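Below is one structure, written out as structure tokens, with a few remarks after it.
Only a predicted model underlies this, so the values are computations on that prediction, with no experimental measurement involved. No hydrogens, no waters, no symmetry mates; every other heavy atom, side chains included, goes into these values. Naming convention: chains lettered A, B, ... in sequence-line order (proteins, then strands); numbering from 1 in each chain.
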2 protein chains.
Amino acid sequence: MLQFSRKVEYGLIALKHFAIGPRGAIFTAKEISDEYNIPYDLLAKVLQKLARAGVLVSLHGVRGGYTLRMKPEEISLATIIDIIDNEKPLITACGCEDTECCERFDICTIREPLGKIQREINTFFQNVTLQKIL
Amino acid sequence: MLQFSRKVEYGLIALKHFAIGPRGAIFTAKEISDEYNIPYDLLAKVLQKLARAGVLVSLHGVRGGYTLRMKPEEISLATIIDIIDNEKPLITACGCEDTECCERFDICTIREPLGKIQREINTFFQNVTLQKIL
DNA sequence: CATAAATACGACTGTATAAGTCCGATTTTT
DNA sequence: AAAAATCGGACTTATACAGTCGTATTTATG
């Protein structure tokens, strides 16, 4: 459907919450899920992924939560999608480079042209930073 | 998954087949589905949609088939997606303009920024013509 | 030191949408 | 009349996404 996944949207909402809040502020997954009406469990996993990837810092235990580690201008949309959905912002099915992922790999006439479009989209998403979404 | 649907890919392959073939040449759905190993029924529907939308001309009966009506430089990726998937190239879920399609419409902080990105993507896809995919 | 509040994470289920199939109707050439 | 093609609705199947659940771990604090 050529659309961001909900997880990515939830991640963006959360990241923006950190970015517009007081610098270094700590928020819990519960606070954010309450504030934006996002399913807690799902948001929790998204934040965990962002933490594992080094975008957020996680603080365990009572009075724990998350805080932003990277600067908003260092976090690109491409990175966020990559972290949360485990994939590059992918437009074309034949984004892969081998014959395994597409049965008509060698006879496909649109693979190369779409690859070019792919790269342009990638570059675009790399240049859209969290800073620009505030 | 932020990816073109197979139908759109099949449509692109078919359109390119027309575009690189002899000018005014007629091809049947079967010929194309055989040549590119695309499920016949599915491709047939895609071609029907493209014909209904005026991109192709359909010719009934024996020795019928399809031929290109519009020029490759007049057919944009945006148009093709719109015709085949019945939707605009949509990146953001909150692409709609009313409160019905998103439960957190009024509290969502990323709707506007993503809307801007949406419009940029749209413009990009409108500027990618079939001509450029040849 | 026990409890509560938080993250961590894998496994599972439900659901919506895409992908593909099937069937019958219609059109048109030969 | 028969064959070859488009037309289009209804149906089934497959898959990926969204969401849920259970349990373990960490840590501040009374």
Next on the checklist: Under 4.0 Å from OP1 or OP2 of C/dA18: is there any side-chain N or O of B/R6 that close?
Outcome noted: no
Item to check | Separation between CZ of B/F125 and CD1 of A/I117, rounded to the nearest 0.5 Å | outcome: 7.0 Å
Next on the checklist: Considering only residues two or more places apart or on different chains, which pairs with a residue in residues 124-134 of chain A satisfy side-chain hydrogen bond (donor to acceptor under 3.5 Å, both in side chains)?
Outcome noted: none
Next on the checklist: I need the full list of side-chain hydrogen bond (donor to acceptor under 3.5 Å, both in side chains) pairs touching residues 64-74 of chain B, with sequence neighbours left out, sorted by first then second residue.
Outcome noted: none
Item to check | Those residues of residues 53-61 of chain B lying under 4.0 Å from DNA chain D by at least one heavy atom | outcome: B/S58, B/L59, B/H60, B/G61
Checklist entry - To the nearest 0.5 Å, what is the distance between CG (A/L134) and CG (A/L15)? => result 10.0 Å
Show me the donor-acceptor pairs within less than 3.5 Å that the side chains of residues 18-32 of chain B make with the rest of the protein, sequence neighbours left out.
unit_1	atom_1	unit_2	atom_2	d
B/T28	OG1	B/K30	N	3.4
B/T28	OG1	B/E31	N	3.0
B/K30	NZ	B/D34	OD2	2.8
B/E31	OE1	B/T28	N	2.8

Checklist entry - Heavy-atom contacts under 4.0 Å between residues 15-30 of chain B and DNA chain D, which residues? => result B/T28, B/A29
Item to check | Residue list, side-chain hydrogen bond (donor to acceptor under 3.5 Å, both in side chains) with A/S33, at least two apart or on another chain | outcome: none
Next on the checklist: For a quick test of reading the model, state the closest non-hydrogen atom pair linking A/D85 to A/K7 and the distance between them.
Outcome noted: OD1-CB, 4.3 Å
Throw together a table of side-chain donor-acceptor distances under 3.5 angstrom for residues 36-64 of chain A, partners on residues two or more places apart or in other chains.
unit_1	atom_1	unit_2	atom_2	d
A/Y36	OH	A/H17	ND1	2.7
A/K49	NZ	A/I84	O	3.1
A/K49	NZ	A/N86	OD1	3.2

Item to check | Integer-rounded Å distance: C/dA5 P and A/Y66 OH | outcome: 17 Å
Checklist entry - Whole Å only: how far is the CD atom of B/Q3 from the C1' atom of D/dC17? => result 14 Å
Checklist entry - Can you tell me how far NZ of B/K16 sits from CD1 of B/I133, rounded to the nearest 0.5 angstrom? => result 8.0 Å
Item to check | Euclidean distance, atom CD1 of residue B/I84 to atom P of C/dG20 [Å, nearest integer] | outcome: 14 Å
Checklist entry - Under 4.5 Å between any side-chain heavy atoms of B/D82 and B/T79, yes or no? => result no
Checklist entry - Mind checking what makes side-chain hydrogen bond (donor to acceptor under 3.5 Å, both in side chains) contact with B/K116, not counting sequence neighbours? => result B/E120
Checklist outcome for this item: note: A/E9, atom CD; D/dC17, atom P; distance rounded to Å ~ 14 Å
Checklist entry - Does any residue of residues 38-52 of chain B have a heavy atom under 4.0 Å from DNA chain C, and if so, which ones, in number order? => result B/P39, B/D41, B/L42, B/K45
Checklist outcome for this item: Rounded to whole Å, the CG-P distance (A/N86 to D/dA18) equals 13 Å
Item to check | First of A/K7 and A/R63 reached from the 5' end of DNA chain D, by closest nucleotide | outcome: A/K7
